[in-house]
Amino acid sequence: MSAVPPVPSASTTFAPTLREVMLRPWWIGMLAFALLVAAVFAWLGQWQLSRAVDTSPPAPGQTEQVRPLADVVEPGEYLPEPLVGQRVEVRGSFVPGDFDVVSSRFDRGIEGFWVTGQLRIDPGDIGSTDPTSLAVAVGWTDDRAEAEAAASALDADPARDVTVTGRIISDEGPALPPRGADPQEMTRMSSAALLSRWSDTAGLDVYRGYVTSAESFGGLTAIDSPAPDERSNVNWLNIFYAVEWAVFAGFAFYMWYRLAKDAWEKELEDLEDAAGGQDPGDAPARDGAVAAESAPSSRD
């Protein structure tokens, strides 16, 4: 007679496969959550990509076309990036006593000083009856004494009813003077810092940006203010962010897989511990071997 085939015992526990664990309701629900998270990340990536390419970039040479200041920016507003360095024109009068010297100004690679003044804008030029002022850099010199002398001369006899043409630049923000320097020294071109030194500022509207005048005043050298570089219509920083969101979307799926696999491995360990430290996958074979040993021999 042939040997009796091994018969697994009724108490044998079969180890689940990873696929079986992933198909359980809990992990299917977790997969749906991962899909939702990935969809949000994918939408954010698409949003970044839509901002990465400017479909209507400024025309070449646009900053060189002189435009009225009122058409470029409003008082108190931040200067939009495409308009930084735009040539503008504005009419007004310089306020006596409000000329200052700003140090650490480089012109063609040479360090020097700017003389700046408060230009009280002609109300008809901006269509507003509110007093409005603009910081204007009126000239450069590499000699501090010359800069201070020019500022004093302009304070005593400022230009009246002038038309200023120049480039409008974003405010540099105030900064503390270097250690050991005069605490009143200005090293940044900041409208906010200048406003604290100007006179007659009650109810005054002020432009955040400042203008570098193409024409010098007070016998100073005209400021060298070259045209800004042409901007690319591709923003690589936004593209980098879009790639990051795509990586995050993939990571959401990886986290679901990793957690499901950890749960499967933990379940195998628990079954192994329950089987007395033996591999639960070997249980059917062991039970079959015991059954074969206990079965009567064919010779009997």
Side-chain angles (χ1 to χ4, degrees), residues 63 67-107 111-123 125-141 144 147-148 150-152 154-155 158-159 162 164-214 217-218 220 223 225 228:
T63 58
R67 301 171 58 185
L69 178 63
D71 293 349
V72 175
V73 66
E74 295 292 329
E77 291 184 353
Y78 288 99
L79 185 63
E81 182 64 29
L83 297 176
V84 174
Q86 174 70 47
R87 297 191 68 196
V88 296
E89 183 180 79
V90 61
R91 291 183 296 118
S93 299
F94 285 101
V95 178
D98 283 348
F99 285 89
D100 276 292
V101 175
V102 180
S103 61
S104 302
R105 301 290 95 183
F106 287 84
D107 195 284
E111 185 174 5
F113 307 86
W114 279 357
V115 174
T116 70
Q118 178 192 174
L119 181 71
R120 188 63 57 88
I121 299 175
D122 185 338
D125 205 49
I126 56 175
S128 173
T129 57
D130 296 329
T132 306
S133 288
L134 170 71
V136 178
V138 299
W140 175 90
T141 178
R144 178 185 288 273
E148 292 175 348
S152 297
L154 289 168
D155 278 335
V162 296
V164 174
T165 301
R167 297 192 187 279
I168 185 163
I169 312 294
S170 298
D171 185 288
E172 296 178 1
L176 294 175
R179 184 182 298 274
D182 182 354
Q184 297 299 318
E185 181 175 359
M186 291 188 60
T187 59
R188 306 286 293 275
M189 189 64 181
S190 169
S191 299
L194 288 169
L195 178 62
S196 65
R197 303 161 73 117
W198 287 347
S199 58
D200 190 20
T201 58
L204 184 67
D205 286 339
V206 179
Y207 282 87
R208 285 183 178 272
Y210 65 92
V211 166
T212 55
S213 175
F217 294 82
L220 297 167
I223 297 172
S225 185

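Bear in mind that the values here come from a model prediction, so they are computed numbers and not experimental data.
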Original post:
For Glu148, which residues count as a side chain to side chain donor-acceptor pair (under 3.5 Å) partner, sequence neighbours excluded?
Top reply: none
Subject >> Set of residues satisfying side chain to side chain contact (heavy atoms under 4.5 Å, CB included) with respect to Pro80, sequence neighbours excluded >> reply: Pro82, Leu83
**OP:** Return the set of residues passing ring-ring contact (aromatic ring centres under 6.0 Å, His included) with Phe113 (not counting sequence neighbours), or none when no residue passes.
**Re:** none
Subject >> Sequence-distant partners of Asp100, salt bridge (charged side-chain N to carboxylate O under 4.0 Å, His left out), two or more places apart >> reply: Arg197
Original post:
Would a distance-only check, ignoring hydrogens and angles, find a side-chain to backbone donor-acceptor pair under 3.5 Å from Arg105 to Thr187?
Top reply: yes
Original post:
Got a second to check how far Arg91's CZ is from Thr165's OG1, nearest 0.5 Å?
Top reply: 11.5 Å
Subject >> Value rounded to 0.5 Å, distance of CZ in Phe99 from CG in Leu194 >> reply: 11.5 Å
**OP:** Evaluate the side chain to side chain contact (heavy atoms under 4.5 Å, CB included) criterion for residues Val95 and Trp198: first the C-alpha distance (whole Å), next the side-chain angles of each, then the deciding distance (0.1 Å), finally the verdict.
**Re:** CA-CA 9 Å; Val95 178; Trp198 287 347; over 6 Å; no
Subject >> Nearest-0.5 Å distance, CZ of residue Arg67 to CZ of residue Arg87 >> reply: 13.5 Å
Subject >> Gap between atom CD1 of Ile223 and atom CZ of Phe106 - 0.5 Å precision >> reply: 14.5 Å
Original post:
Among all residues two or more places apart in sequence or in another chain, which pass the side chain to side chain donor-acceptor pair (under 3.5 Å) test with Ser133?
Top reply: Gln118, Arg120
**OP:** Go through the structure and list residues passing side chain to side chain contact (heavy atoms under 4.5 Å, CB included) with Arg208, not counting sequence neighbours.
**Re:** Tyr78
**OP:** Measure across Asp171 and Ala192 and return the closest heavy-atom pair with its distance rounded to 0.1 Å.
**Re:** OD2-N, 3.7 Å
Original post:
Which residues pass the side chain to side chain contact (heavy atoms under 4.5 Å, CB included) test with Ala193, sequence neighbours left out?
Top reply: Pro174, Met186, Ser190
Subject >> Under the salt bridge (charged side-chain N to carboxylate O under 4.0 Å, His left out) test, residues paired with Asp71 that sit two or more places apart >> reply: none
Subject >> Least distance between heavy atoms, Val115 atom then Ala147 atom >> reply: CG2-O, 3.5 Å
**OP:** Go through the steps to decide whether Val164 and Leu134 satisfy the test side chain to side chain contact (heavy atoms under 4.5 Å, CB included), and finish with yes or no.
**Re:** CA-CA 11 Å; Val164 174; Leu134 170 71; over 6 Å; no
Original post:
Which residues pass the side chain to side chain donor-acceptor pair (under 3.5 Å) test with Ser199, sequence neighbours left out?
Top reply: Asp98
**OP:** To the nearest 0.5 angstrom, please state how far the CD atom of Glu74 sits from the CD1 atom of Ile126.
**Re:** 8.0 Å
Side-chain donor-acceptor contacts of residues 200-207 below 3.5 Å, not counting sequence neighbours, with atom names and distances?
none

Subject >> Qualifying residues under side chain to side chain donor-acceptor pair (under 3.5 Å), relative to Arg188, sequence neighbours excluded >> reply: none
**OP:** Quick one: pull up CD1 in Ile168 and OH in Tyr210 and give me the separation to the nearest 0.5 Å.
**Re:** 10.0 Å
**OP:** Please report the closest heavy-atom contact between Pro75 and Thr132, naming both atoms and the distance.
**Re:** CG-CG2, 3.8 Å
**OP:** State, yes or no, whether a side-chain contact exists between Leu154 and Phe217 at a heavy-atom distance under 4.5 Å.
**Re:** yes
Original post:
If you look at every heavy atom in Arg167 and Pro228, which pair is closest and at what distance?
Top reply: NH1-CD, 3.9 Å
**OP:** Using side chain to side chain contact (heavy atoms under 4.5 Å, CB included) as the criterion, list what pairs up with Ser170, not counting sequence neighbours.
**Re:** Leu79, Val84
Original post:
Shortest non-hydrogen contact from Ser213 to Val136?
Top reply: CB-CG1, 4.0 Å
Subject >> Nearest heavy atoms of Arg144 and Ser103, plus distance in Å >> reply: NH2-CB, 4.2 Å
